[in-house]
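We're numbering straight along the sequence, starting at 1. Keep in mind that what you see is a predicted model, and the values were worked out from it rather than measured.
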Amino acid sequence: MTPITRVLVANRGEIAVRIIRACHDMEMAAVAVYSDADAGALHVRRADQAVRIGTAAPAESYLNIPALLRAAFSTRCDAVHPGYGFLSENPTFAQAVIDAGLTWIGPPPDAIRAMGSKTEARARMEQAGVPIVPGYQGDSDDDAPFIDAADRIGYPVMVKAAGGGGGRGIRVVRHRDDLPDALAGARREAAHAFGDARIFLERYIDGGRHIEIQVLADAHGNIVHLFERECSAQRRHQKVIEEAPSPLVTPALRTRMGAAGVEAARAVGYVNAGTVEFIADAAGNFYFLEMNTRLQVEHPVTEAVTGHDLVRLQLMIAQGKPLPFAQTDLHLRGHAIEARLYAEDPRSGFLPAPGTLTAFSIPHMPGVRVDAGVTSGDAISMHYDPMIAKIIAFDSTRDGAIRRLDAALAAAIIDGTATNRDFLRALIAHPTFAAGEVDTPFIERHLDSLIAAMDSFAPSADRVTVQPEPARFVDPWARADGFRLGQGENARPGAAGAGQASRPRDGNVQGARRPLVGAGMLTAPMPGQVRDVQVIVGEAVKRGQTLVLLEAMKMEIRITAPGDGVVRAVHVQPGQTVERDQPVVELA
């Protein structure tokens, strides 16, 4: 046994607060780390001690392995918990923690490495007898082998990043002519998000349901699953609502999927908590997608329906203790649903809305749990993910859990920024969601009607105030009504324009609020950092051509030409920080 007395929490936000709570429950001290942007953050206030590790940029702080190790040593920590995101699935970090003589609260580096490469993971799963989606895993930089393979697999196909997951580097291609552009885009996004431009193909399962199996394994060879979660309510491959158990899964299918999840973990020598993700169809077929070698954002719904604290179990396993239960000891009870509350504006293409929460609270209600990383007065920083909180509702029935979740969302007091709260309410009120029949493309198919339905859920002014968006001038020549990247002419008018965004964290390309356009001037749609300038003065450009890439709140935002023209002036350079509405490029 390796006792743990003091844990470095190598993360921020709500997951850092969650881990700190579990440490304190087990009478362990918790040490927080923070960047300059998080000096007064909630996780810093809740920890026993906190250490500054760098500037606001993640590469200089939460991704800075030497700084994290120095923080652990300077505070006499004997273990490191990575949370999720950042370095949680980085085998180099895991190995560095172990080599430093500290306890890594997570799976072995070799297991992280095996599942981190999606192509290697597919091969391992196939050898282990776990069903996989038909695909192609070539490593050529040439498009031809991928085009030939897609013809064999059959359309639609998914182009996916080999070196990472969470929705990044994904393109769904339905027609052969669209494949070259999808390959190029996926390679570019994968290289940026993971430093690895390798891609592979999988058959796209139309109407599929995203079902994941929570597994736990100790160092003594014991592996169990804690049943399933369903995460089919997604937008651009980003999970929006998660629930347990799945409305789709029968007891027989649960047994089969659980066994497959256990075998997947066993195949890579897994230890600690992990999640095996599958795509399932209505006929009861299911296929391996990927394994997340860490704690999941949606772990609270599993805790609610099993009665087991997953972070506490992670800490126990890391100390060398055996699992305190066998598979036959585990039972489902009731139903739990989690909604992710973000600082983002659904009416403006879900563009993140950084700012200060002048008020934020959700009243205590029976059966409702709130995991938040902020309180009133805290800032939603442009440098990180825009999540405000996770709201988890539990009841003996699914209908009851939906009612509790809606009541909690309705009662939330939020002031200072736009949020997706009313969109969440519209989603869970939809008859298809109520019937438990949402598939992965559901939100995209019904996006217009869901956004339109938000008005009926707008809370009364005495409870919630959101700062209004100032009126913005848009030149008539710059209009692109009906345009939404990847959706053609049938998209919601006005939702996209010269700025289009891609969230690498759990995401793909999204429509973004149009930058201000006046007399040919394009401006930044939100604060961020210029990652690349792709044009020069005097260059002729075509409508839709990327001019500047911004990065903000874990998103890539593309400033594109709203029409054909010539670059009259470039007002920014790579590495520069820009404010919202700051001039970027001027077109003639």
Is it true that [Y] and [X] share a donor-acceptor pair across their side chains at a distance under 3.5 Å?
| X | Y | answer |
| --- | --- | --- |
| Y62 | D38 | yes |
| T119 | Q137 | no |
| H225 | Q214 | no |
| N64 | S61 | no |
| E230 | H210 | no |
| Q234 | R236 | no |
| T293 | E89 | yes |
| D48 | H24 | yes |

Problem set entry | R209 to F442, cation-pi by 6.0 Å centre distance and 45° axis angle |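 No - R209 does not lie over the ring of F442 by the 6.0 Å and 45° rule.
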
Exercise. So is R122 actually on top of F288's ring, under 6.0 Å and inside 45° of the axis?
Worked result: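 The answer is no, since R122 fails at least one limit relative to F288.
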
Closer than 4.0 angstrom, basic N to acidic O: yes or no for [X] and [Y]?
| X | Y | value |
| --- | --- | --- |
| E242 | R229 | no |
| R403 | D406 | no |
| R18 | D309 | yes |
| K239 | E277 | yes |
| R45 | D378 | yes |
| R124 | E263 | no |

Exercise. So among T103, T2, T5, which one has a side-chain hydrogen bond (donor to acceptor under 3.5 Å, both in side chains) with D78?
Worked result: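 Among T103, T2, T5, the one that satisfies the side-chain hydrogen bond (donor to acceptor under 3.5 Å, both in side chains) with D78 is T5.
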
Exercise. To the nearest 0.5 Å, how far apart are OG in S361 and CD1 in I414?
Worked result: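 Between atom OG of S361 and atom CD1 of I414 there are 9.0 Å.
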
For this session: Output the distance between atom CG (L295) and atom NE2 (H81), rounded to the nearest 0.5 Å.
Result: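 Those atoms lie 6.0 Å apart.
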
For this session: Show your reasoning for whether salt bridge (Lys or Arg N to Asp or Glu O under 4.0 Å) applies to R369 and E338.
Result: CA-CA 9 Å; R369 163 180 165 180; E338 173 181 289; over 6 Å; no

Exercise. Do the two ring centres, one from F457 and one from F423, sit under 6.0 Å apart?
Worked result: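 No, ring centres 6.0 Å or more apart.
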
For this session: Answer yes if the ring centres of F325 and H308 are under 6.0 angstrom apart, and no otherwise.
Result: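 F325 vs H308: aromatic centres under 6.0 Å.
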
For this session: Could you go through the side chain to side chain contact (heavy atoms under 4.5 Å, CB included) check for M387 and R340 one step at a time?
Result: CA-CA 7 Å; M387 181 183 285; R340 301 188 186 193; 4.0 Å; yes

Problem set entry | Residue of the set V172, L201, I170 for which side-chain contact (heavy atoms from CB on, under 4.5 Å) holds with V159 |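 That would be L201; it is the only one of V172, L201, I170 passing the side-chain contact (heavy atoms from CB on, under 4.5 Å) with V159.
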
